[in-house]
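Let me begin by presenting the structure, written as C-alpha cells, before commenting on it.
All values reported here derive from a predicted model rather than from experimental measurement. Lettering of chains follows the sequences in order, A, B, ..., and the numbering in each one begins at 1.
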Amino acid sequence: MAQFLQQIVSGVSVGCVYALIALAFVLIYKATETVNFAVGEMMMIGAFLGFTFVSIYALPLWLAAIVAIAATAGLAAVLERVFLRPMVGEPAFAVLVVTIGLGLCIRSVALMVPAWSGETVRITTPLSGSVLRVGSIVISADHLAVVAATAAIVGGFFVFFRRTRAGLAMQAVSQSQLAATYMGVRTRSISTLVWAIAGAITAIAGLLLAPIAFIHVNMGLLGLKAVPAAIIGGFSSLPGAVVGGITLGICESLAGFYLPEGFSDIAGYILVLVVLALRPEGLFGEKIQKRV
Amino acid sequence: MRYVLRTSYRQDTRLFKDGLPQYGWYLAMLACALAAPAFLGIHHVSQLTFVLIFAIAGIGFQIMLGFCGLISLGQAGFLAIGAYACVFLERRGVPFVLALPAAALISAAAGAALGVPVLRLKGLYLAMATMSLGFIIEEAAARWTTVTGGNAGMMVPPISVFGYRLGSDVPLYFLCLGLLLASLWVAANLLRSPTGRAMVAVRDSQIAAQSMGVEAARVKTKAFALSAFFTGIAGALMAHKLSFISPDQFTLAISIELLIMILIGGIGSLRGVVFGAIFLVAMPELLAELEQLLPGGNLPALRPLAFGLLLILVMLFEPRGINGLVEKAVDYVKLVPLYRKGMFARQRSFAKSERW
C-alpha cells in the first residue's frame with residue numbers, strides 16, 4: 001500500500017509538469033485554434049536558458065528563473081508574430097505543420113549552441129536532496145515544489161481568466177474570433193499575448209523539470225507526452241488539461257512499477273487511445289457538432 | 001492551377017488527361033531511371049533505391065493524407081509492420097515472392113483494424129491517435145523479441161526469387177522501380193475509381209459526401225487499409241535494402257520525415273510523391289556537401305534546421321510544394337505571351353473553424 005501511494009505521489013509530481021505543458025498547449029489551441037507541436041521545444045529552451053543563467057553566468061536562482069521565463073515568453077511571441085501570423089486563415093493542418101517545422105528549427109539551433117549540445121545537465125536547487133516524510137511515504141522537496149508551483153499557476157490562471165480584461169478577452173477570442181473582433185477585442189495582439197503566456201508556462205515547466213530529471217536537447221519529445229495529456233482532458237478545456245496531465249503522470253508511474261518493462265513509456269498513449277475510443281472529444285471536451 | 005482542356009466526355013475518366021505530351025515526359029523519365037545504374041556508382045544507385053522506396057511509402061501516405069484528408073503521424077508503424085512481417089515470413093522459409101504480398105496484406109489488415117477505433121476522430125485528434133499507435137507499434141517491436149529480435153535488431157536474409165539470389169544493389173533497384181511503377185499505376189487508377197473519388201469527396205467535405213450517399217466510415221477504412229498496404233511494401237523493401245531491422249528505424253521521426261516529404265513534394269498529387277522522395281534523399285547529401293564548406297556546421301544540427309525551415313517556407317509561400325512549382329513553370333511556358341503578373345496568386349481564404 002505504501003509503495004502504491006509512493007508511486008502515486010511521484011506520478012503526480014511528474015504529471016504536474018505534463019499538466020503545465022498541456023496547459024500551454026490548450027491555451028494556444030483555445031485562443032487561436034493552432035495545435036502547437038513546438039511546446040516541447042519551447043520547454044527545452046526555457047530549461048536550457050535557466051541552466052545557462054544559473055551555471056554559466058552564476059545568477060541567483062530566482063533571477064535566472066525570471067530571466068529564462070521572460071526570454072522564452074519573448075521568443076514565443078516573436079515566433080507567433082513572424083511565422084504564425086501570416087498563417088491566419090490557412091487550414092489548421094497547415095498551421096500544425098508550421099509548428100512542427102518550428103520545433104525542428106528550435107531543436108537544431110539548440111544543438112548548435114556548444115554549451116547545450118550533447119550534454120545532459122541538471123539544475124541543483126537549495127531544495128535538492130531534502131525530503132519530506134509522511135508516514136512511510138517519502139516526498140522529495142523538488143517534487144513538492146513542482147506540485148506547489150503548478151497549483152499556484154493554475155490558481156493564478158483561474159483568477160486571470162475571471163477577473164482581468166485580458167483574460168476575459170482571451171475567453172472571448174477562444175469562443176469566437178469573429179464575434180470577439182466585432183466587439184472590439186484586438187484579436188491579433190491577444191494571440192501574441194497567448195503565445196507569450198504559453199511560452200512562459202512551458203519555460204516554468206522546463207525549469208521545474210530540470211531539478212528532477214536531466215535536461216538535454218531532445219527533451220522536447222517529452223512535450224509530445226503532454227499532447228496525450230491535453231487529449232485525455234479534452235483539447236478545449238483548461239481544467240481538463242491539468243487533470244489529464246496528472247492522470248497521465250500517475251498512469252505512467254503505476255505502469256512503470258507494476259507492469260513489465262516498456263509499458264511506462266507507452267502507457268500514456270494506450271490511455272489516449274482508450275479515452276478517444278470511448279469519448280472522442282476527451283473527458284472534459286465540449287462535443288463538436290458541425291453546422292451545415 | 002492547371003486546367004485540362006476537355007474535348008470529350010471520356011477524357012474525364014482517362015488515366016492521362018492531357019494525352020501525348022505527358023506520355024513523352026513520363027517515358028523520358030522512365031528511360032533515365034532504367035539507364036541510371038549503367039552510369040552511376042554503387043552509392044548513387046543505392047540512394048536512388050531509397051528514393052524509390054520512399055516514393056512507395058509516400059504513395060501510401062498520399063492516399064491517406066492527400067486524397068482522403070486523414071492526418072497520420074503513425075506511418076512508421078505500418079512501415080514496421082510490413083518490414084517485420086516480411087522478414088518473419090522469410091525466416092520461416094516463405095519465399096520472398098509470397099512474403100512480400102503477404103506482408104503488405106498483413107499491414108493492410110492491421111491498418112483496417114487499427115483504423116476502426118480512430119475513425120470517429122477528426123483532424124488533430126486523429127493525428128494524435130495515429131501518433132500514439134506509432135509509438136505503441138515501435139515499443140511492441142522492441143519488446144516482442146521472439147518475432148522482432150528486440151532492440152538488438154535482426155539481420156535480414158537476402159532476397160531470393162525462384163532460386164536466384166538478388167543482390168541488394170542493382171537488382172534490388174530494378175525490383176523497387178518495378179514495384180514503384182506498379183504502385184503508381186494502381187494509385188492513379190484508384191483515383192479515378194469510385195473509391196478514389198469517394199475519398200476525395202470525404203476529404204473536401206465529409207457531410208456533403210455523406211449526403212450524396214458515400215459511406216464515410218467505410219471509405220476511411222479503405223483509405224487506412226490501402227495506405228498501410230503500400231507503406232507495408234515500402235517497409236519490407238527498406239528492410240531488405242538495409243539488410244538489418246531494428247525498432248529505432250521506425251520512430252516518430254520517420255513518420256514526420258514522410259510527412260515532410262509529402263508536403264514539400266506536393267500534397268494531393270502522385271507526381272509530388274516522387275519529387276518529395278527525391279528531395280528527402282537528396283537533401284542530406286547536399287547538406288553533407290555544404291558541411292564541407294562551412295567550418296562550424298555539424299550535420300545532425302543542419303538537417304533538422306534545413307527540413308524545418310523548408311517546411312515553414314513551403315507552408316507560407318507554396319502550399320502545393322515542388323509539384324505546384326513545376327505546374328506553375330509548365331503553365332508559364334505554355335502561356336508565355338499571355339502571362340501576366342498575379343496569375344497564380346493564391347486566393348485568401350478565411351479561417352474555417354473546426355469547432356462550428
Side-chain angles (χ1 to χ4, degrees), chain A residues 29 33 35 37 83 86-112 117 175-178 217 221 224 227-228 230-231 235-236 260-263 265-266 268-274 276-277 280-282 286 288-292, chain B residues 65 69 71 73 114 116-118 120-129 131-136 138-140 142-143 205-208 211 252 256 259-260 263 267 296-298 300-316 319 348-356:
Chain A
Y29 179 73
E33 288 206 20
V35 171
F37 252 64
F83 295 109
M87 295 301 288
V88 171
E90 300 289 332
F93 164 68
V95 186
L96 162 81
V97 171
V98 168
T99 62
I100 291 181
L102 282 178
L104 286 173
C105 288
I106 295 176
R107 197 181 318 161
S108 69
V109 169
L111 269 170
M112 284 177 190
S117 59
Q175 287 189 1
S176 166
Q177 284 189 355
L178 197 63
V217 175
L221 287 177
L224 291 181
V227 180
I231 294 227
F235 245 6
S236 44
E261 200 191 356
F263 271 98
D265 286 336
I266 55 168
Y269 299 112
I270 295 176
L271 190 65
V272 163
L273 284 181
V274 172
L276 283 181
E281 66 276 3
E286 56 207 81
I288 302 162
Q289 293 274 325
K290 192 163 181 170
R291 256 186 243 154
V292 186
Chain B
L65 177 63
I71 308 170
L73 292 176
L114 297 176
V116 170
V118 296
R120 288 198 290 170
L121 308 174
K122 266 184 254 160
L124 307 161
Y125 284 84
L126 183 68
M128 301 303 133
M131 187 178 88
S132 305
L133 284 176
F135 275 118
I136 292 169
E138 186 196 335
E139 196 63 31
R143 302 287 160 190
S205 166
Q206 181 168 340
I207 292 176
S211 335
L252 177 70
I256 288 186
L259 178 70
I260 292 174
L263 291 170
I267 194 161
N298 56 339
L302 269 179
R303 188 175 151 145
L305 184 67
F307 275 168
L309 271 182
L310 274 170
L311 206 52
I312 295 171
L313 291 178
V314 163
M315 278 296 143
L316 284 177
R348 197 85 188 143
S349 65
F350 286 95
K352 271 184 267 170
S353 171
E354 302 215 329
R355 279 189 217 134
W356 307 110

Kindly give the heavy-atom pair with the smallest separation between [X] and [Y], and that separation in Å.
X: A:F83; Y: B:I312; result: CD2-CG2, 3.5 Å
X: B:S132; Y: A:V272; result: OG-CG1, 3.9 Å
X: B:F135; Y: B:L252; result: CZ-CD2, 4.1 Å
X: B:P304; Y: A:L104; result: O-CB, 3.6 Å

Checking [X] against chain B: side chain, backbone, both or neither under 4.5 Å from a heavy atom?
X: A:V97; result: both
X: A:L102; result: both
X: A:V35; result: side chain
X: A:I106; result: neither

If I measure from the heavy atoms of chain A, does [X] come under 4.5 Å with its side chain, its backbone, both, or neither?
X: B:L126; value: neither
X: B:L65; value: side chain
X: B:I71; value: side chain
X: B:L313; value: neither
X: B:L309; value: both

Using the side-chain hydrogen bond (donor to acceptor under 3.5 Å, both in side chains) rule, collect all pairs that involve residues 91-102 of chain A, keeping only residues at least two apart or in two chains. none
With A:F37, which residues qualify under ring pair (Phe, Tyr, Trp, His ring centres under 6.0 Å), at least two apart?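 Partners of A:F37 by the ring pair (Phe, Tyr, Trp, His ring centres under 6.0 Å) criterion come out as none, since no residue qualifies.
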Measure the CG-CD1 distance between B:L73 and A:I100 for me, rounded to the nearest 0.5 Å. 5.5 Å
